Amino acid sequence: MTFRLLIESARKLVESSLAAAGYPSVAFEVSEPPRKEFGDLTCNVAFQLGKHAKKPPAKIATELVEVIRPMLLADHHIKSVEPHPAGHINFFADHRSLSKITLGQVLENPGHYGSHDSGHGRHVVIEHTSVNPNKALHVGHVRNVVLGDTLYRMMKATNHRVTVLNYVDDSGLQVADIVVAFKYAGFPVDGPAGKKFDLYVGDDVYVKINEKYEKDPELAEKRKAVLREIEEGKSDIAHFAADVTLRVLQEQLRTCWRMKARYDLLNFESQIVTSRLWIKAFEILKKSKMVRLETEGKNIGCWVIEAKEEEDKILVRSDGTATYIAKDIPYAAWKLGIVEDPFSYKEFTKQWDGSVLYRTAPDGDRLQEGFNGGELVITIIDSRQGRLQRIISQVLAQIGTREGNHQYHHLGYEAVTISSETAKTLGIDIGERQFMHMSGRKGIYVNADYVMDTLHAKAFEEVRTRNPDLQDSRLHEIAEEIAISALRYNMIKQDLDKSITFDIKESLSLEGDTGPYLQYAYARSQRILEKSGEQITSGRFELLAHDSEVSVIKEISKLDLVMEDAVKSLSPKSLARYAYSLATAFNLFYEKVPVLKEENAEVRMARLGLVKAFGITLENSLKILGLTALERM
RNA sequence: GGGCUCGUAGCUCAGCAUGGACAGAGCGAACGCCUCCUAAGCGUUAGGUCGAGGGUUCGAAUCCCUCCGGGCCCGCCA
């Protein structure tokens, strides 16, 4: 919290110095300098003024500093200010006051530190996961789940009302595929004992039936009839399809829950179809003149929509059926609350965090306050869908304008591919290429549970050697938390527009810039507190003046700024990087400065306060990232 | 062909929105540090024409243009 105050102080000082020195008011920036000799903050105002004033920046900086110096007497946060020969104005914070205020704030309200009210209760709808219910999750899906869930946690922590949706395409061709396999190709409905059902369906049914299609075109033909029955929803085939879909979905959810994700609503495509949502949306589109019936050209007889700088997109085929995008537009409109909510809902299950997961259902209840109507709607799908999503955004921006400030946002991210080494372990040689794309249909992918299991096994061995006194059951609990944190952090730490080349061996690293590194720093801090036997609520924090103490405190004081920025730019990565630098600062302090061995009682207590405040700050950050802060590991 | 996107150390990546001071991490390599709060840690060394070229600017990894290289998307499929 206090870093923000520091920046504001510097801004004000510069602002008033401009007027006092007779300079015009210009835009300038106060930021952190690249090295600590340059102080805690730096300002570029002299460069900005230099452009117009025809004076060297260094001279302006010196002038302004002369004006600012006397003002410092009245400022609690900044101790001194220096002009740099290059032209920067550098501010040095009063570290004693920074320590005192920052640690005081954290310890006063531990659970709340880092929460921030930038949301003002605004309703945000987030859709993520949305894996077709005919296979198990692979590491590509994991990126989606972790990204979505972290975003949910960030929004939640900044006072947004968040609804998390998971779209279930229960009436698509992929579902028809597995029904054909079970009903017409003799695949047993129950897989081998002990194998997760989603994994069985994905590997042993979906992949194999697709291989069979190549040799048996008649079998492939059966899909169309099955698909029609599924869409109509009445026949035995349709019921069978619904049962199988549900079984797969249950298993997929178990994987997601294992990663600490949670949802509010499962939105079934079949319900969108039967709700006739499309008809309503189509009326709106027709009224707004955004669609037209083609009377000539290659799209004759189709309803098309004009997209900016794109070819026209077909919404309704010449045979009267709706296309894929024609399902997505009304669904997006529903999310924004532009169309009336046609769904009925019922409880699906209780989740690991105690919350209820609902589903759309034909025999459910109508709701007063729905899951839809977000002022901000975020749809998380990989960037291959970017083109289509852009059209959807454009359409909704046009029909949505009269509805206020509701905004549809596609959050895209690059795909996860597998490294050549990892491909080899799957029995695939990709030759010269460095990576390859995954394919559920071909069975080329790395399974999410497999990664977690492998991580778990490795972590288990590590924890056991370090904690021989703990029971196996406890060791497994810890190992699982480490595995999840390694995976989640790995998926979130890099930029969304960078593809991840997944390598199983590399992903097993528990050292360096990883989730376990963060947990380790936390565990270290907790052991100090535990061994001290003290309950720390206050202290003479102004005694903390060691470099490594100050840098931990500075990191602590930045959490709210980081959160605000991360939420504004929908960038979970920023928070991950922050947690890492916070942990690094603490590890440095841990090496350099003794706490329990310190003989001066007041200094010892102050340091314990620092350790505690660090623990709180890191724990709160980890919680938002979906990583568990471990007392021991 | 058109559109989107990436290119920074051997490898994986921060930094780029809002240009500013000798370009930062992790892994890997070599060498150190546990009679001291968990060595999943910390340190030292080696490693960079920030893809190339041009432009704008007092100043460019960052902005603009061109080019090169990788990836993705462009169906009356979903």
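Order of the sequence lines fixes the chain letters, A, B, ..., with proteins taken first and strands second; residue numbering starts at 1 for each chain. These figures come from a predicted structure and were not determined experimentally.
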Do the side-chain N or O atoms of [X] get closer than 4.0 angstrom to the phosphate oxygens (OP1, OP2) of [N]?
{"X": "A/His437", "N": "B/C72", "value": "yes"}
{"X": "A/Arg524", "N": "B/A40", "value": "no"}
{"X": "A/Arg317", "N": "B/A78", "value": "yes"}
{"X": "A/Tyr324", "N": "B/A78", "value": "no"}
{"X": "A/Lys498", "N": "B/G7", "value": "yes"}
{"X": "A/Lys493", "N": "B/U12", "value": "no"}
{"X": "A/Arg466", "N": "B/A40", "value": "yes"}

Any donor-acceptor N/O pair under 3.5 Å between [N] base and [X] side chain:
{"X": "A/Arg577", "N": "B/A25", "result": "no"}
{"X": "A/Thr42", "N": "B/A21", "result": "yes"}
{"X": "A/Ser318", "N": "B/C76", "result": "yes"}
{"X": "A/Asn90", "N": "B/A21", "result": "yes"}

When you compare [N] with [M], how far apart are their [atom1] atoms, in angstrom units rounded to a whole number?
{"N": "B/C16", "M": "B/C74", "atom1": "P", "value": "32 Å"}
{"N": "B/C68", "M": "B/A60", "atom1": "P", "value": "26 Å"}
{"N": "B/C76", "M": "B/C13", "atom1": "C1'", "value": "44 Å"}
{"N": "B/G59", "M": "B/G71", "atom1": "P", "value": "38 Å"}
{"N": "B/C50", "M": "B/U8", "atom1": "C1'", "value": "4 Å"}
{"N": "B/A9", "M": "B/A61", "atom1": "P", "value": "15 Å"}
{"N": "B/G70", "M": "B/G28", "atom1": "P", "value": "31 Å"}
{"N": "B/G20", "M": "B/G3", "atom1": "C1'", "value": "35 Å"}

Just the rounded figure in Å: distance from [atom2] of [N] to [atom1] of [X].
{"X": "A/Tyr413", "N": "B/G71", "atom1": "OH", "atom2": "C1'", "value": "16 Å"}
{"X": "A/Lys568", "N": "B/U18", "atom1": "NZ", "atom2": "P", "value": "12 Å"}
{"X": "A/Ile528", "N": "B/C37", "atom1": "CD1", "atom2": "P", "value": "10 Å"}
{"X": "A/Glu294", "N": "B/C76", "atom1": "CD", "atom2": "P", "value": "12 Å"}
{"X": "A/Asp513", "N": "B/G24", "atom1": "CG", "atom2": "P", "value": "17 Å"}
{"X": "A/Glu311", "N": "B/C76", "atom1": "CD", "atom2": "P", "value": "9 Å"}
{"X": "A/Tyr517", "N": "B/U38", "atom1": "OH", "atom2": "P", "value": "16 Å"}
{"X": "A/Glu462", "N": "B/G41", "atom1": "CD", "atom2": "C1'", "value": "13 Å"}

With a 4.5 Å cut-off on side-chain heavy atoms, are [Y] and [X] touching?
{"X": "A/Ile484", "Y": "A/Met452", "value": "yes"}
{"X": "A/Leu561", "Y": "A/Tyr578", "value": "no"}
{"X": "A/Val316", "Y": "A/Val291", "value": "no"}

- Task: Using heavy atoms to find the nearest nucleotide of RNA chain B for A/Ile314 and A/Arg387 separately, return the residue whose nucleotide is more 5′.
- Result: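 The 5'-side residue here is A/Arg387.
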
- Message: Pick the closest RNA chain B nucleotide for A/Glu414 and for A/Phe435 by heavy atoms, then say which residue is nearer the 5' end.
- Response: A/Glu414

So [X], base contact, sugar-phosphate only, or nothing? Heavy-atom distance under 4.0 Å.
{"X": "A/Tyr580", "answer": "sugar-phosphate"}
{"X": "A/Lys592", "answer": "nothing"}
{"X": "A/Glu511", "answer": "sugar-phosphate"}
{"X": "A/Pro85", "answer": "nothing"}
{"X": "A/Gln389", "answer": "nothing"}
{"X": "A/Val593", "answer": "base"}
{"X": "A/Ile482", "answer": "base"}
{"X": "A/Val463", "answer": "base"}
{"X": "A/Ile300", "answer": "base"}
{"X": "A/Asp382", "answer": "nothing"}

- Message: Centroid distance below 5.5 Å plus an interplanar angle below 30 degrees: do A/Phe38 and B/A21 meet both conditions?
- Response: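 Per 5.5 Å and 30° rule: yes, stacked.
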
- Is A/His84 stacked on the base of B/A21, with ring centres under 5.5 Å apart and planes under 30° apart? no

- Here RNA chain B, pairs taken as Watson-Crick or G-U under 3.5 Å and shown with ( ), [ ] when crossing and | when to another strand, reads (((((((..((((......[...)))).(((((.......))))).....(((((..]....))))))))))))....

- Query: Does B/C58 adopt a syn or an anti glycosidic conformation, taking syn as a chi angle within 90° of 0?
  - Reply: anti

Taking only Lys NZ, Arg NE, NH1 and NH2, and the carboxylate oxygens of Asp or Glu, determine whether [X] and [Y] approach each other closer than 4.0 Å.
{"X": "A/Glu598", "Y": "A/Arg607", "value": "yes"}
{"X": "A/Glu231", "Y": "A/Arg228", "value": "no"}
{"X": "A/Lys327", "Y": "A/Asp169", "value": "no"}
{"X": "A/Arg604", "Y": "A/Glu602", "value": "no"}

- Query: Is the number of heavy atoms from other residues, nucleotides or ligands under 6.0 Å of A/Gln535 CD greater than 12?
  - Reply: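 Not buried by this count: 12 neighbours or fewer within 6.0 Å.
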
- Message: Heavy-atom count check: over 12 atoms from other residues, nucleotides or ligands less than 6.0 Å from A/Glu8 CD?
- Response: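 Buried by this count: over 12 neighbours within 6.0 Å.
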
- Item | Row check, A/Tyr213 ring normal vs A/Arg223 NZ/CZ: under 6.0 Å, within 45° |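 Cation-pi check for A/Arg223 and A/Tyr213: passes.
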
- Task: Taking A/Thr422 for its side chain and A/Ile504 for its backbone only, find out whether a donor-acceptor pair lies under 3.5 Å.
- Result: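 Answer holds: yes.
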
